Number of protein chains: 2
Amino acid sequence: MLKRGLGNQAAEVLRNEILSGAFQPGEQITEEALSAQLGVSRGTIRTSLQQLVHEGMVRYEPYKGNFIRPLDAHDVWEIYTLRNSLEALASRFAAQFITSSGKDQLAAALNNLQTAIKSKQQRAIVDADFALHLIIVELSQHKRLMVQYKQLENLTRLYINTLVGYRTNLEELLEEHVVLVEAISQGDPDKSELIAKEHNTVDGQFLQTQLAAD
Amino acid sequence: MLKRGLGNQAAEVLRNEILSGAFQPGEQITEEALSAQLGVSRGTIRTSLQQLVHEGMVRYEPYKGNFIRPLDAHDVWEIYTLRNSLEALASRFAAQFITSSGKDQLAAALNNLQTAIKSKQQRAIVDADFALHLIIVELSQHKRLMVQYKQLENLTRLYINTLVGYRTNLEELLEEHVVLVEAISQGDPDKSELIAKEHNTVDGQFLQTQLAAD
DNA sequence: ACATTTTTTTTTGTTGACAAAACCCCCTCA
DNA sequence: TGAGGGGGTTTTGTCAACAAAAAAAAATGT
């Protein structure tokens with residue numbers, strides 16, 4: 001396990017608070033307030049904030065301050081398309097480097113997703129969905145892809161909460177993941193990449209519909 | 001123009017120094033040394049370093065220090081594949097949102113590339129190549145894509161210098177860019193994305209050859 | 001009453017000092 | 001001779017104070 005300074009720990013606390021909706025979008029978060037709240041000095045808070053700025057959850061304006069980044073429709077489009085592209089790439093390499101251990105991990109994650117879908121609890125489904133995709137990214141053996149993807153997952157969680165429903169057709173959702181996992185487990189990069197792209201396109205259309213409602 | 005604090009300015013100086021090869025790969029860069037060199041306090045240097053860490057040019061280890069990130073073959077593969085994927089995505093959206101002004105910009109950049117190729121100066125060719133691709137990314141109207149791409153461009157420059165030659169067949173290089181710009185100017189997203197992918201695949205095979213020589 | 005200028009307050013920017021961890025050299029002892 | 005342990009040095013981690021910029025509030029003049 002990697003050692004971490006206070007700054008990193010504070011960043012994690014802050015990140016979780018933001019993800020749990022403790023702040024209003026666009027709200028200014030002053031360094032002194034955070035300093036008092038977390039019991040560390042402003043300098044340390046500053047380190048944490050800079051990290052969250054790089055992760056895209058906080059917007060920083062010189063001599064103005066740090067603000068919870070509000071996401072508009074264009075932001076959502078950006079996050080969505082980028083994530084889609086990275087997932088397709090990850091699926092390709094996951095298939096290319098697949099091992100029997102990797103297949104087991106995928107099967108287990110798929111099983112968890114199925115259980116979550118049966119429970120019909122949105123939070124559980126979203127978590128299992130993300131977990132499965134994260135395993136695919138891990139299997140791609142692409143560290144930079146992993147870093148980018150995790151950040152996009154956080155940003156996605158940020159706006160997914162605001163949507164009324166994640167997906168309507170749960171049967172379809174499961175089936176899409178089944179064929180993707182199959183393709184990766186078969187070690188077919190082209191097929192995996194294509195399916196990943198398609199999978200997300202369906203999601204994207206759903207998203208477009210939701211956004212059009214605004 | 002956005003205002004920037006001392007920290008950001010120092011980061012830019014440092015970034016340029018690293019790109020110009022002022023440091024050895026893997027070399028530790030102590031905060032105090034930089035502080036003395038740039039005439040700002042350690043705290044400010046710390047801000048700069050953190051920024052470069054996020055850009056991938058510096059590796060940070062808690063309680064150890066900051067080191068010029070050395071790039072091995074796997075790193076190059078990661079950077080290359082990611083850039084490839086992002087360029088394909090950018091080409092798609094550039095074609096989708098193309099305007100007459102955008103076509104002009106592409107034509108001008110293509111012209112610069114042609115001039116550079118005629119000069120046969122590697123540095124000029126690389127610069128013109130990057131400039132053209134950067135315009136494509138700009139035309140995609142995708143801010144996050146732009147940020148990621150710029151970082152990958154820097155990392156690419158970092159290892160491109162170590163290669164003996166960038167490309168052997170200059171005629172082919174130009175032709176590939178011609179067809180890509182044509183596809184984007186025609187407003188054909190699918191075709192543009194496909195060509196961008198292929199273009200980079202050719203580059204990638206060249207890269208593989210170079211790396212195998214180590 | 002309104003716009004403008006001045007003053008005050010709030011918030012970020014920068015710095016130097018001190019604490020904690022890691023590193024390095026050297027000494028000891030089996 | 002070499003493995004292990006101190007102790008001093010170097011380097012990063014954290015902090016609180018002060019400076020600079022921006023924002024808010026108050027005063028001023030028309």
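Note that these values count all heavy atoms, side chains included, but never hydrogens, waters or copies made by symmetry. Proteins get letters first, then strands, A, B, ... in listed order; numbering begins at 1 in each. Since the model is a prediction, treat every value here as computed from it, not as a measurement.
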- line: Atom CD1 of A/Ile29 and atom P of C/dT12 are separated, to the nearest Å, by 9 Å

task: Please state whether the phosphate of D/dT11, meaning OP1 or OP2, lies under 4.0 angstrom from any side-chain nitrogen or oxygen of B/Tyr60.
output: no

query: Which nucleotide, C/dG13, D/dC15, D/dT11, lies nearest any side-chain atom of A/Arg46?
result: C/dG13

message: Distance check needed: C/dG16 C1' versus B/Glu31 CD, whole Å only.
response: 14 Å

Where B/Lys103 and B/Ser185 come nearest, the two heavy atoms and their spacing: CE-O, 3.1 Å

query: Out of curiosity, B/Gln28 CD to B/Glu61 CD, how far, rounded to the nearest 0.5 Å?
result: 9.0 Å

- request: Check every strand shown and say whether B/Gly65 touches a base, only sugar-phosphate, or nothing at a heavy-atom separation below 4.0 Å.
  value: sugar-phosphate

- line: Here the distance between atom P of C/dG13 and atom CD of A/Glu32, to the nearest Å, is 14 Å

For atom OH of A/Tyr63 and atom C1' of D/dA22, their distance in whole Å: 11 Å

message: Would you compute the distance between atom OG of A/Ser140 and atom CD1 of A/Ile135 and round it to the nearest 0.5 angstrom?
response: 12.5 Å

- request: Let me know, please, whether B/Arg42 or A/Lys64 comes out on the 5' side of the other along DNA chain D by nearest nucleotide.
  value: B/Arg42

- request: Whole angstrom is fine here: how far is it from CD in A/Gln50 over to P in C/dT14?
  value: 11 Å

task: Nearest whole angstrom, please: distance from the C1' of D/dA21 to the CD of A/Glu61.
output: 14 Å

Nearest-Å distance for atom pair CD1/C1', residues A/Ile45 and C/dT14: 18 Å

- prompt: For the pair made of CD in A/Gln28 and C1' in D/dA24, what is the distance, rounded to whole Å?
  reply: 13 Å

- prompt: Given C/dT15, is OP1 or OP2 found less than 4.0 Å from the side-chain N or O atoms of B/Thr44?
  reply: yes

field: Under 3.5 Å: donor-acceptor pair, side chain of A/Glu87, backbone of A/Lys197
entry: no

